[in-house]
Amino acid sequence: MCGYPMLDRPPLCPRCGGSPVEQATFGPGGTVWSSTVLRIRVADRKPPAVLAYVDFDEGPRALVHVHGTEDRPLLPGARVRLLGRDDRGDPVVVPEAAGDPTGKRVQQ
């Protein structure tokens, strides 16, 4: 067990290559590392789509979809709360000011 944090749970660790992955709980809060707005269609998602890399409290950095910002990216350092996953299984966050006050911890 090397302790490498991940949002998803593959059968073996991608960093050390041999350790079985153990379940961990983290979030629901996180800090934006970087964010962007996609203004072109990707697959069947309609633009604009706001994406961000978020460093989850006690967890990994993950690429997430951002709801509640219209079509503006979030500034680095902004606090967000994890709402859960969308219908495709992608993680979704909202800015803390607009977020669910309870949030949801994620189990990897």
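The figures here come from the full heavy-atom set of this structure, side chains too, leaving out hydrogens, waters and symmetry mates. A quick note: this is a predicted structure, and the numbers were derived from the prediction, not measured.
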Side-chain polar contacts of residues 43-54 - donor-acceptor pairs under 3.5 angstrom, sequence neighbours left out - could you list them?
residue: Asp44; atom: OD1; partner: Arg88; partner atom: NH2; Å: 2.2
residue: Asp44; atom: OD2; partner: Arg88; partner atom: NH2; Å: 3.0
residue: Arg45; atom: NH2; partner: Asp86; partner atom: OD2; Å: 3.4
residue: Arg45; atom: NH2; partner: Asp90; partner atom: OD2; Å: 2.4

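Across all non-hydrogen atoms, the minimal contact from Pro91 to Leu82 is CB-CD1, 4.2 Å. Across His67 and Pro95, no two heavy atoms sit closer than the pair O-CD, 3.4 Å. Taking all atoms of both residues into account, the shortest heavy-atom contact from Ala62 to Phe56 is CB-CE1, 3.9 Å.
With values rounded to the nearest 0.5 angstrom, Leu74 atom CG is found 11.5 Å from Thr31 atom OG1.
Residues Arg85 and Val92 are not in side-chain contact: their nearest non-hydrogen atoms beyond the backbone lie 4.5 Å or more apart.
Contacts of Arg72 classified as salt bridge (charged side-chain N to carboxylate O under 4.0 Å, His left out), with partners at least two apart in sequence or in another chain: Glu70.
Counting only residues at least two apart or in different chains, salt bridge (Lys or Arg N to Asp or Glu O under 4.0 Å) contacts with residues 23-42 comprise Arg39-Asp71.
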